[in-house]
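First the proteins, then the strands, lettered A, B, ... as listed; each starts at 1.
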Amino acid sequence: MSAYLIRGGRVVDPAAGTDRRADVLVRDGLVSGVGDDLDAADAEVLEAQGAVVAPGLVDLHCHMREPGREDEETIASASRAAAAGGYTAVCAMPNTDPVADSAAIVEKVWAAGRAVGLVEVVPAGAISRGRQGLRLADIGEMARSAAQVRIFTDDGHGVQSSLFARRAMEYIAGFDGIYAEHCEDESLAAGGQMHEGERSAVLGLRGIPSEAEELMAARDIALARLTGCRLHLLHVSCARTVELVRQAKAEGIRVTAEATPHHFTLTDAALEGYDPNTKVQPPLRTETDRRTVISGLADGTLDAVATDHAPHALEEKDQELTFAPPGMVGLELALGLTLTELVEPGHLELMDALDRLSTAPARLLGLGDHGGPIETGAPANLVVLDPAARWEVDPDAFHSKSRNTPLAGRPLRGRVLHTLFKGRPTVRDGRVSDRELAAR
Amino acid sequence: MFGAHTSGGEVMIKHLLSMDQLSADDITRILDTAESLRQVTDRPIKKLPTLRGRTVCNLFYEASTRTRISFELAAKRLSADVINFSADAKSSVSKGESFKDTAWTLEAMGVDAIVVRHGSSGAPHQLSNWARASVINAGDGSHEHPTQALLDLFSMREHFKDFNGLKVAIVGDIMHSRVARSNIKGLITMGAEVTVSGPPTLIPPQVASWGAKVSYDIEPILPETDVCYLLRVQQERQSEQLFPSLREYAALWGLDARRMKMMPEQSLVMHPGPMNRGVEIGADVSESPRSIVLNQVANGLAVRMSLLYLMLGAPNQEIAA
C-alpha cells in the first residue's frame, strides 16, 4: 500500500492533550510514526508547513438526503463535501424517504457510504416508525445490523408524547444506544418561521419561542434521569437549554449536546431581508442566546459542534419565506466558522475547538477509529488545516449539490489543506481527490 | 435596499415595502400631492397624462376587492396601462408557477410597477430583489400595508391640522394586523401618540418598543382619544383560542354607541374595512357622522395616485388643469 509523510506541521491532538511540532508518517492506513526523524524515504510528502495536523472531523448531524432526495444531495456528494470540510466521519440523519427506521435502510445507507469511501458514513436510525411518534422503529434490529446503529432520533420532529419518549428511552437504553432529540414542542412552535421576539413582531412572521425548545429539553432530561438512557440534545439554540444541560450534567445525568455553526454565528437579525436561506429549525435566536451557546461550547457544556447540514433544492428555497423549508448547508463551512467565530476572537483555544469538532463527537458515537489520539498504530483519520488562510464563502464552489446558505461572500479564516481517511488523502492541497480513490 | 430617500423633485423611493422607509417629510409630500390630485378627481375629465405609456401590474395572491380596484383606478386616472393578475398563494413547487417565475414573466413583459398583495410576510421584499420594476406593497401577511396607513393618515389630516400630540387608539388584533403595524409606524413618525387595546393574546408584548402604549381595557382611554381606529376581527382567531367568543370580544372591545359617547366631541371613528358590524363596531357607530370609513375609501384613491405619481411619474411636472 501507500505511505504519506505529513511534514512540518503542528500536531494538535485533543485526545492526547498534546500540541507539538512533529511530522506524522502514515503507512498502510495507520499512523506509523509521530516525530522528527521518521524513516520515510518511500513516502509521498504532504506539506504541512505552518499548518495544523489534527484528528479528522466528526459530524454528529448531517442530512445526506439519500434515499429520496438525490436531487438535493447524495451520499456521494455529501461525502465529497464532508471530505472537503475536513471530516472523516459523518452521522447520516434518518429523515430520508423512506425513513431510516429499519435495518434494510440503515444498511443501505451504511453500504453506500462505504462504496463511496470518502468518509465513514454512520447512519442514525429513527426512534419511531416513519418518524410519526406513534410506534417504535426497529431499534434493536438496526442496532444489531451491519450498520450497528448507536444513535436514534426523529430529527426534524421532536417526540411529542412524553409517554412515547419514555418508552423509547427505556428500550434504547437496553442497547446502550443514544436517544437524540430535536427539542421542539410543536404546539408552541406551530406555523413558526423564526425566533419569537422583537424582530418577529416587526417582520410580521410567526415566531417560535425559545420555550418550545426549553420545555422539551427539560422533559427529556427528566426522562433520562428516570430511564438512565443516554440523551443527546441536537442543535441547541437557546440560552436556557444550555443552562438545563449544565445542571443535568452536574447532577450526573447522562446527557450530551451539540450546537451548530449557524447558531453560534448568526442571530434573528439575519431574517430582516426575508432571505429564505436564513430560515432554519430551530431558528436563529438572539445575541444573548448566541453568546450563551458559545460559552456552552467553551466550557464543554455543549460537547460538540455539529453541522445540521441540510441541503435544499434551489426551487424549494427560492420561494416565499413562509413556504421555504428550513435548513442550510454546513459541511464545508463548519471548520472555517469555528475558527473564525470561536477561535479567532478567543472564545475557545484551538485545542478545545478541535475537541468539539472531532474528539468529543467521536467519543460520543463510540467511533474508536476517529477523534485521535494521533499515535503510532492508530487509524490515520486526519485533517491538515491552515488556520491562517483567508477565504470567502462561495456557494458555487461547494461540493454539496445544494447551495442554500445565507453566508455567501462572508470572509472566513482557516481552511482544509489535506484530509486523510483510512490513511489515504481524500483531500489534497485543498482539492477532493476522488479520482485517485476510484483508481484504488 | 430600499433606494434612496430624497426630497424635492427627485423620485422618492424605488419600492414601497414598509412605512419604515418614509420620513415625516416623505409622508407629508405624499399627502400634499394626494391633496392636489384629489382635485383632479372632482373634474369632469378625471384623467392626467402623467403615466401614459407606463404599465402597472396588480399582482394579487389574496382576494381583495377594494385595494385592487383602488390601485387600478389610481393607475388609470394617471393614464397608465393596467393589468391584473390573481393567483393562489400556495407552495409553488408542487403546483403552479413559482412566485419568482411570475415576477420574471412580468419583468419580461416590461411592467414598470408591480402592486403586490401576498399572504406571506416579506413577499414584496423578495419580489423587489428579483424585479427591476418598482414594487408597491399592497399588504403582505401580518407584516405591513403601507398604502392603507398613508390613506388613513390622509383621512386624519383632513380633520386634524396637526399630528403632533394627536391621540390615536388602535383596537383589536394588533398581532396579526398589517394595517396596525403600518399605522403605528406612520403615526409615530408623524408625532402622534398611539395606544393599542384589545385581547391580551392579540397584542404582541413588543408593542412598547414600537413606541405605542398598551391598555387592555378600552374604556379608560376613550375620553382621551381623538381617533379610535378599529381593526377587523378575523373569525379564525376565535377558533385558534385567542379569545373566547365574538360575543365576549364585542362586550369588551367593541365600540358601540355608549362607548363612543365617552370620546371627545370632535373625535373620529375609523375602520379599514370590511366591517363586522356588531362585533368590533356597532352598527349605529358605523353610520354616525363621526365614522369616516367612506372618506377613507375615497382618500385611498388619491393617496395611491400620489404614490404612483411620485414613484413612477415625473414629479416635477405640474398637476395642471
Side-chain angles (χ1 to χ4, degrees), chain A residues 68-69 71-72 97 186-211 268-279 283-287 311-327 402 404 406 408-409, chain B residues 1-2 17-20 61 87-104 116 118-130 137 139-145 174-182 184-185 203-212 240-241:
Chain A
R69 284 308 300 266
D71 60 314
E72 296 182 328
D97 183 15
E186 286 175 5
S187 63
L188 283 177
Q193 302 293 326
M194 65 177 293
H195 172 68
E196 180 178 312
E198 218 49 69
R199 285 201 171 83
S200 65
V202 169
L203 293 173
L205 291 169
R206 186 176 285 224
I208 302 173
S210 296
E211 286 73 9
D268 61 348
L271 274 292
E272 271 171 12
Y274 295 94
D275 176 359
N277 283 324
T278 60
K279 180 176 168 183
L284 302 172
R285 304 271 185 199
T286 65
E287 180 62 13
H312 285 294
L314 183 61
E315 68 272 16
E316 298 219 336
K317 276 294 195 183
D318 226 356
Q319 53 178 337
E320 296 86 327
L321 181 130
T322 51
F323 297 148
S402 293
N404 51 300
Chain B
M1 181 197 299
F2 302 126
L17 307 176
S18 161
M19 289 299 285
D20 287 338
Y61 283 86
D88 260 350
K90 290 211 176 93
S91 175
S92 37
V93 172
S94 47
K95 51 178 76 184
E97 189 183 47
S98 78
F99 185 39
K100 188 176 192 175
D101 285 337
T102 302
W104 281 356
V116 62
H118 203 298
S120 183
S121 299
H125 278 80
Q126 293 179 274
L127 183 61
S128 71
N129 294 330
W130 299 328
N137 181 358
D140 63 327
S142 304
H143 177 229
E144 284 218 35
H145 193 350
I174 309 297
M175 180 84 79
H176 301 93
S177 174
R178 52 199 180 205
V179 173
R181 274 176 185 67
S182 288
I184 292 171
K185 285 177 183 175
I203 297 189
Q206 294 82 11
V207 159
S209 71
W210 303 351
E240 290 171 35
Q241 304 308 317

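The structure places OG of B:S98 at 9.5 Å from CD of A:E315, a figure rounded to the nearest 0.5 Å. Once rounded to the nearest 0.5 Å, the distance linking CG of A:L314 with NZ of B:K100 reads 6.0 Å. In this structure, the separation between OG1 on A:T322 and NE2 on B:H118 is 7.0 Å, given to the nearest 0.5 Å.
Taking both residues in full, the closest heavy atoms of A:G273 and B:H125 are given as O-CB, 4.4 Å, listed atom of the first, atom of the second, then distance. The two residues B:S121 and A:G204 make their nearest non-hydrogen contact at OG-O, 2.5 Å. Across all their heavy atoms, B:S120 and A:E320 have their closest contact at OG-CB, 3.5 Å.
Between B:H143 and A:Y274, the two ring planes are perpendicular [angle over 60°; tilted spans 30° to 60°].
Partners of A:V202 according to the side chain to side chain contact (heavy atoms under 4.5 Å, CB included) rule, which considers only residues two or more places apart in sequence or in another chain, are B:K185, B:W210. Residues forming a side chain to side chain donor-acceptor pair (under 3.5 Å) with B:E240 (at least two apart in sequence, or on another chain): B:R237.
For A:R206 (side chain) and B:S142 (main-chain N/O), no donor-acceptor pair under 3.5 Å exists by modelled atom type.
Between A:P276 and B:Q126 the shortest side-chain heavy-atom distance falls below 4.5 Å.
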